[in-house]
J.: 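Below: one structure in structure tokens.
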Amino acid sequence: MSRLRYLTAGESHGPGLTAVLDGCPAGLAVDPGTIDAELRRRQSGYGRGERQSIEQDSVRVLGGVRHGRTTGAPVSLFVANRDAANWGDALAVEAPEGQSASEPVVVPRPGHADLGGALLYGLDDIRDVIERASARETAAKVACGAVAKRLLGELGCTVASHVVAIGPVSAATGMSLDDVERVEASPVRCRDADAGRLMMTAIDGAQEAGDTLGGVVEVLAFGYPPGVGTYVQGDLRLRSRLAAVVLSVPAIVGVDFGLGFGAASLPGSCVHDPITHEAGSGYGRESNRAGGIEGGMSTGQTLILKAAMKPISTLREPLGSVEMGTHRPVKSRFERSDVCAVPAVGIVLEAVVALALADAALERFGGATVAELTAAAQAFRLRIRER
Ligand code: EPS
């Protein structure tokens, strides 16, 4: 069972988003300002919609933290929706007196959860689906992820990401911690300034055409301890845990590790990483084509994965749909949306990856306190050095 688990609740235009992060060891320094900085990163990026100019996401920590440190109790987080004030009683908890003032939504948008959700829950108003399936929920993921990042920091691990493709424009993969500042300064979070400019031009083109664009983000974890995950059961492999959380992010359609899909067309001699050993630092690899995981276990090298995001499903020039109830063919609806959310999804991916890595490390090394966790991880590093 997961050691570090979380649940989120809340709608896009309701009062706000709630998250409960359970299993965080005691003694972790948590400051709302650090969480807010991650929330701000998620809100930024070229190609986002008007909603981000309404919100200024900020967390309220409602439990589990006292005098700046986690207590071991569940961490309770709340991010208010400023936009709720503009939605009147459309999301009211109370049943309306008489006819509801808000028109029911009856035209499902292709590619969204709209149709499946309405059929699954027997809804006459697709609004219920739109509200919870909205990518607004990822703000809660990012808030929890900010705490997980702090915990990984205690283990000497930093999670970072950069955009390596938007629509038809791609940039080189690979980054180091020295690149972080450059990536953060780019409106599309791309390390390569020329490719970044082309990506922005592509987003402008999609906007003019009433269309949307997807892309690819690379996520890296530097300094993650070796020996986390195992080959003994498939669901305990570190890759299977990471793949599951990456695919839990809305609009993510694919994930690969290290050389990834590229490995399928190469001979084994060009895929695997020769093993080395040096007195002092211990075992290593000549290269890192595996992306830091072999046999379902972390090797101690940088963890590298890529995630592909499909273009946002809401189109200003809508595709065909069918009105529910009448079955009349109609053009789909436009609901305020982003043209491209690839830069923002990198922040969400960092969060879910950090949560999965912190969870797997806690499961492996244990610890009711941060000090116990870090001591066990360090002891393992020392133990394997001279083996
Ligand atoms: C988003 C909030 C949403 C959308 C977008 C991302 O807010 P609103 O619906 O009020 O404009 O802007 O969500 C989607 C594109 C989607 O499909 O749900 C956010 O905070 O990330």
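None of the values given here were measured: they were computed from a predicted structure. In listed order, ligands and their atoms are each counted from 1. Numbers here simply count residues along the sequence, with the first being 1.
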J.: Contact between ligand 1 and E50 is defined here as a heavy atom of the residue under 4.0 Å from a ligand atom; is it met?
T.: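 So E50 does not count as touching ligand 1.
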J.: With a cut-off of 4.0 Å, which atoms of ligand 1 are near a heavy atom of H112?
T.: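 So the atoms of ligand 1 that pass are 17 (O).
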J.: Out of E55, H13, E131, R51, indicate the one that has the non-hydrogen atom closest to atom 12 (O) of ligand 1.
T.: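 Considering heavy atoms of E55, H13, E131, R51, the nearest to atom 12 (O) of ligand 1 sits in R51.
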J.: Heavy atom to atom 16 (C) of ligand 1, shortest distance: which of S313, A139, A135, P250 holds it?
T.: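 The option holding the nearest heavy atom is A135.
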J.: I'd like to know whether ligand 1 has S337 as a neighbour, heavy-atom separation below 4.0 Å.
T.: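 Heavy atoms of S337 do come under 4.0 Å of ligand 1.
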J.: What protein heavy atom is closest to atom 20 (O) of ligand 1, reported as residue, atom name and distance in Å?
T.: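 Here the closest protein heavy atom is R42 NH2, 2.8 Å.
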J.: N/O to N/O below 3.5 Å, does that happen between R48 and ligand 1?
T.: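 The answer is yes, given that R48 and ligand 1 share an N or O pair closer than 3.5 Å.
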J.: Supply the atom-to-atom distance I384 CD1 to R387 CZ, rounded to the nearest 0.5 angstrom.
T.: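 If I round to the nearest 0.5 Å, the distance is 10.0 Å.
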J.: Heavy atom of Q52 under 4.0 Å from ligand 1?
T.: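 Checking ligand 1 against Q52, which is what was asked, there is a heavy-atom contact under 4.0 Å.
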J.: How close does the nearest protein non-hydrogen atom get to atom 3 (C) of ligand 1, and which residue and atom is it?
T.: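 Nearest neighbour among protein heavy atoms for atom 3 (C) of ligand 1, to 0.1 Å: S134 OG, 3.8 Å.
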J.: Taking a cutoff of less than 4.0 Å between a non-hydrogen atom of the residue and any ligand atom, is T314 in contact with ligand 1?
T.: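 In this structure, T314 fails to qualify as a contact of ligand 1 - no heavy atom is under 4.0 Å.
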J.: I need the E184 CD to S161 OG distance, nearest 0.5 Å.
T.: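 These two atoms lie 7.0 Å from each other.
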J.: Distance-only, no hydrogens or angles: does the E154 side chain make a donor-acceptor pair with backbone N or O of L28 under 3.5 Å?
T.: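 A pair under 3.5 Å: no.
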J.: Using a strict cut-off of less than 4.0 Å between a Lys/Arg side-chain nitrogen and an Asp/Glu carboxylate oxygen, indicate whether R136 and E55 qualify as a salt bridge.
T.: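 Looking at R136 and E55, the cut-off is met.
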J.: Residues two or more places apart in sequence or in another chain: which of them pass ring pair (Phe, Tyr, Trp, His ring centres under 6.0 Å) with H112?
T.: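 Residues passing ring pair (Phe, Tyr, Trp, His ring centres under 6.0 Å) with H112: none at all.
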J.: Is the backbone N or O of D178 less than 3.5 Å from a side-chain atom of S176, with the two atoms forming a donor-acceptor pair by type?
T.: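 It does hold such a pair.
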J.: Ignoring hydrogens and geometry, is there a side-chain-to-backbone donor-acceptor pair from E11 to R132 under 3.5 Å?
T.: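 A pair under 3.5 Å: no.
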J.: Side chains of V20 and V75: does their closest heavy-atom pair fall under 4.5 Å?
T.: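 V20 does not reach V75 side chain to side chain.
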J.: I need the nearest protein heavy-atom contact for atom 5 (C) of ligand 1: residue, atom name and distance, please.
T.: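 Checking every protein heavy atom, the shortest distance to atom 5 (C) of ligand 1 gives D338 OD2, 3.7 Å.
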J.: Looking only at protein heavy atoms, which one is nearest to atom 4 (C) of ligand 1, and what is the separation?
T.: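 For atom 4 (C) of ligand 1, the nearest protein heavy atom is R336 O, 4.4 Å.
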